[in-house]
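One structure below.
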Amino acid sequence: MSKLSTSFYLTNNVESIARLLLGKFIFTKINGMLTGGIITETEAYNGVLDKASHAYGGKRTNRTEVMYRQGGIAYVYLCYGVHYLLNVVTADSDIPHAVLIRGIYPIIGVNNMLDRTGKSKVDYNLTNGPGKLSKALGIDNSLNGVKYDSNKLWIEDREIIVRNEDIVIGPRIGVDYAGEDSLLPYRYILLYQNYTNYIS
DNA sequence: CGTACGATCTGCT
DNA sequence: GCAGATCGTACGA
């Protein structure tokens, strides 16, 4: 039940962090509402070298500026004008690595998640997409740049064991524009297990 | 200033 | 399976 400290996020190997985030618990506390779940899907974005990254080629804009800060903060941006997507900025400052959180399994504060999403059933389908989990967790761009050890947003290690055989690795979603980099095996999926005994 | 488009999801067919 | 939603960001004029 320990909150991950900033040092967890500072390695410059973004793939390893994407792997290690599987099975961790992510929480938000927004307007007094505590919600959280188990991270089940991530994607690594490998900074300036990665054509799929917003920071490819060292591109710096207002939006991408938080990616260049020291790891351990959130990068939130609007996609398709509709969905907020939540990333974990990693690595040292000036190294714009990030991990997109693509899916969680809902565990904590599920009634708040149902209210926010208008859904009626608690299962993987409630938060199995980057836009959906942001909606369920109450994430919007006001969390952009917020540290992952804050009181609004944090990640905990509750010692779920994630074995390599529980993981599927493959190419990322929706990044066809990145050419050959769209084929890189930067997507990490934790195979479904029964988490219902954790729900509260 | 104008325009094109996106690290998606939903609902309808 | 596909179109539509919907708007901030990026970039060129």
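What you see is a predicted model, and the numbers here were worked out from it, not measured in a lab. Letters go in sequence order (proteins before strands), and every chain restarts at 1.
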Between B:dA7 and A:Y177, is there an OP1 or OP2 to side-chain N/O distance shorter than 4.0 Å? yes

Any side-chain N or O of A:R102 below 4.0 angstrom from OP1/OP2 of B:dA7? no

Distance in angstrom units between [X] [atom1] and [N] [atom2], rounded:
{"X": "A:L78", "N": "C:dT9", "atom1": "CG", "atom2": "C1'", "answer": "10 Å"}
{"X": "A:I101", "N": "B:dT8", "atom1": "CD1", "atom2": "P", "answer": "14 Å"}
{"X": "A:D176", "N": "B:dA7", "atom1": "CG", "atom2": "P", "answer": "11 Å"}
{"X": "A:L86", "N": "B:dC9", "atom1": "CG", "atom2": "P", "answer": "13 Å"}
{"X": "A:R60", "N": "C:dA10", "atom1": "CZ", "atom2": "P", "answer": "13 Å"}
{"X": "A:L100", "N": "B:dG6", "atom1": "CG", "atom2": "C1'", "answer": "13 Å"}
{"X": "A:Y80", "N": "B:dT8", "atom1": "OH", "atom2": "P", "answer": "5 Å"}
{"X": "A:K59", "N": "B:dG6", "atom1": "NZ", "atom2": "P", "answer": "11 Å"}

Tell me whether A:Y188 shares a hydrophobic cluster with A:Y75, the cluster being built from Ile, Leu, Val, Met, Phe, Trp, Tyr side chains joined at under 4.5 Å. no

Of all residues at least two apart in sequence or in a different chain, which pass the salt bridge (charged side-chain N to carboxylate O under 4.0 Å, His left out) check with A:E41? A:R102, A:R187

Checking base pairs now: Watson-Crick or wobble, both atom distances under 3.5 Å. What partners [N]?
{"N": "B:dC1", "result": "C:dG12"}
{"N": "B:dA7", "result": "none"}
{"N": "C:dT6", "result": "none"}

Say we look at B:dC5 and C:dA3: how far apart would their C1' atoms be, to the nearest angstrom? 16 Å

By nearest-nucleotide position on DNA chain C, the 5'-leaning member of A:N141 and A:H83 is A:H83

Residue pair A:N125/A:G174 against DNA chain B: nearer the 5' end by closest nucleotide is A:G174

Stacking between A:Y45 and the base of B:dA7 (centre distance under 5.5 Å, interplanar angle under 30°)? yes

Counting only heavy atoms from other residues, nucleotides and ligands, does the tally under 6.0 Å from OH of A:Y124 exceed 12? no

Checking A:T196 against A:N194 for the side chain to side chain donor-acceptor pair (under 3.5 Å) test, could you report, in this order, the C-alpha distance in whole Å, the side-chain angles of both residues, the deciding distance, and whether it holds? CA-CA 6 Å; A:T196 49; A:N194 185 5; 2.6 Å; yes

Check every atom of B:dA7, C:dA10, B:dT10 against the side chain of A:Y77 and return the nucleotide holding the closest atom. B:dA7

Using a heavy-atom cut-off of under 4.0 Å over every strand shown, decide if [X] touches base, sugar-phosphate, or nothing.
{"X": "A:K119", "value": "sugar-phosphate"}
{"X": "A:K135", "value": "nothing"}
{"X": "A:V82", "value": "base"}
{"X": "A:R172", "value": "nothing"}

Mind telling me whether A:F25 and A:F27 have parallel, tilted or perpendicular rings, with 30° and 60° as the class edges? parallel

Nearest-0.5 Å distance that lies between atom CG in A:L133 and atom NE2 in A:H83: 11.0 Å

